[in-house]
Amino acid sequence: MKKPLLSADQQQRVNELVTTMTLAQKIGQMTQTERMAINPEQLKAYHIGSVLSGGGSCPGDNTVAEWVEMNDDYWAASMESDDDHLAIPLIYGIDAIHGNNNIKGATVFPHNIGLGASNDPDLIQRIAEVTAREILATGVEWTFAPTLAVARDSRWGRTYESYSEDPEIVTRYSARFVEGLQGNLGTDSVVACVKHWVGDGGTTNGIDQGETTLSREELERLHMAAYFPALDAGVLTVMVSFNSWQGDKCHGHKYLLTDVLKNELEFDGYVISDWDGIDYLSDYYYDAVAMGVNAGIDMFMVSENWQPFIQHLTQHVENGTVSVDRIDDAVSRILSVKLAYGLFEKPRPKDRHWSNHSSFGSVEHRNVAREAVQKSLVLLKNTEQLLPLDKQTKLFVAGKNAHNRGHQCGGFTIAWQGTSGNDFILGGTSIWEGIKTVAPNATLSATENGTDADPSQHDIAIVVVGETPYAEGMGDIRDGDDIVIQAGSQINGSLKVLEAYGSSLELAKLHPEDLETITTIVAKGIPVIAVLISGRPLLINPELDASSAFVAAWLPGSEGQGIADVLFGDIPFSGKLSFSWPDGRSKNADKPLNRGDKEYNPLFPYGYGLTY
Ligand code: GLC
């Protein structure tokens, strides 16, 4: 049985605060704005309760010190009480979903799909603990993580944010990651946020923000189950999902947000919307505001137009279309979380223990990420036993992802859509840099596409192939935008359809340069070890057939060295697929394929992974 969030005294303090607050102060607490849309003076004037950074939204040169300074300014404004403003500490939120990934020099962990393959809950907790410290180093208190999506269709652009297609692993991880972040809600802790409630990974055709058509039982079995341990572990916030369920948007779904999450599951923290997530509820923003509040959302992530939001909600309370009780419930929840987290007692950001801490991006932290990389790799093929490699081998390294720390980190890294090249990812190692460190006779192709391979110089080639970074809808695979409508997204108003990543899961169609590189080198009599950088299983039959060995490396993050550790046998392969790998030669290749399907014909099944 979960212990109550607050002591009796704390509850009393919340009740007293709520009774003394003006409507403007209450509605301000319910408002979260993006940092670029508000300055400290406005934050105080409108009593704003939270600020966030969207992906890639960073102060100045994106240094740790500038983050601390920014947060300190916002916090100071929130605590400057006067006749009009009541001192209630601001809480700053960020997408630190694989380390504190926005900030230059941070330790960047493998994305969740790789962590699912490592199948190591203890490691997951350690990753969360390190992530919490690197978040605190920047003066931030809250991360929108962990994602508990169960991705059922790899065409979804957010598949890599999911630990697995099956709730089994996600359920084993959820509470551990929350405990790693929130700990004892003390100096080493940040506030966690499980997301996206509910059914984000189950949309038709894998359309991001689309329609999830499932029975209530299936919705619970697949997409709610992983939340239960996290709620029992006392996660303090839940983020609403963009998708619709049975045709109704989650952001307006009173049954899902209030009846199930708050009443049935007794969630006592607060519910935050996703980015402008109520906009889709109606063609009229005024109506959308009431729909979101009355459905049970407590805090609203309103990226820019926070002033109309405040005006509309104030109007609704005055008109009685939103009750004062609902407002008081939302504000009580927000204050309860801030109180439970000790935010009222914490010193200002610049005076906190971890702010500007030297452990940010430290070797100690990076070694945890390196271990995660080692454990995430899945060996799919090694027929000629080329692996493990001898460190003296005359190696030829090629492929667009061989020396590109940006590509190996994937989306939600420095920028929302990720980056390319090595300049933006400070610290860490590319895959090539990791190989070069241990293999003195390795050379990097000058052309990436392997035309300079020379059988008189090179005995074996490592070709690093795969996807380039993407995030959310821009990672979707769609063979036409008409299917977005078929997905029944129930989107009112203008449909913001982001450009898709491609129209097929076939690697040879998405990136033909990869098969070209492999075959060019093989034609010279040099066997190839292929390493795939991807946010999901792809259709790789031709590349697999042309290669002598094949490794799924997912999106390993900043510590590419971890891949060399395993390729040269210092660490054995241990990763097992947490996603079924489809066979490009099967008739339903581009369709969802999941463990337990009646017709289950994967190229490599869930749980597959070779070892040395
Ligand atoms: C995005 C994502 C959500 C993220 C939020 C803030 O649209 O859906 O996962 O936490 O906005 O960046």
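None of the values given here were measured: they were computed from a predicted structure. Just so you know, ligand 1 is whichever comes first in the structure, and atom 1 is the first atom listed for that ligand.
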Run the numbers for me: atoms of ligand 1, each under 4.0 Å from some heavy atom of [X], listed by number.
X    : answer
K195 : 3 (C), 4 (C), 9 (O), 10 (O)
F144 : 10 (O)
H196 : 3 (C), 8 (O), 9 (O)
W275 : 7 (O), 11 (O)

Verdict with supporting geometry, S336 and Y270, side chain to side chain donor-acceptor pair (under 3.5 Å): CA-CA 9 Å; S336 298; Y270 65 81; over 6 Å; no

Contact with ligand 1 for W416, non-hydrogen, under 4.0 angstrom: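 For ligand 1, residue contact (heavy atoms, under 4.0 Å) with W416 is absent.
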
Heavy atom of E161, distance to ligand 1 below 4.0 Å: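 No.
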
Side chains of Q182 and S189, donor plus acceptor under 3.5 Å: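 There is no such pair (donor and acceptor under 3.5 Å, judged by atom type) between the side chains of Q182 and S189.
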
Whether S78 side chain and L90 backbone form a donor-acceptor pair below 3.5 Å: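 Yes, the answer is positive, given that a donor and an acceptor are paired below the 3.5 Å cut-off.
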
Parallel, tilted or perpendicular, as decided by the 30° and 60° cut-offs, for the rings of H111 and Y160: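 It falls in the tilted class, 30° to 60°.
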
Nitrogen or oxygen of R158 less than 3.5 angstrom from that of ligand 1: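 So ligand 1 has an N or O lying under 3.5 Å from an N or O of R158.
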
Distance-minimising heavy-atom pair for V198 and C250: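 Heavy atoms of V198 and C250 come nearest at O-SG, 3.5 Å.
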
Trace of the side chain to side chain contact (heavy atoms under 4.5 Å, CB included) decision for N112 with I97: CA-CA 8 Å; N112 288 350; I97 63 171; over 6 Å; no

Residue and atom name of the nearest protein heavy atom (relative to atom 7 (O) of ligand 1), distance in Å to one decimal: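 Among all protein heavy atoms, the one nearest atom 7 (O) of ligand 1 is E472 OE1, 3.1 Å.
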
Atom 12 (O) of ligand 1 - nearest protein heavy atom and its distance: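 Its nearest protein heavy-atom neighbour is D95 OD2, 2.5 Å.
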
From D200, D274, D276 - option closest to atom 2 (C) of ligand 1 by heavy atom: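 Answer by nearest heavy atom: D274.
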
N-O pairing of K195 and D95 below 4.0 Å: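 A salt bridge links K195 with D95.
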
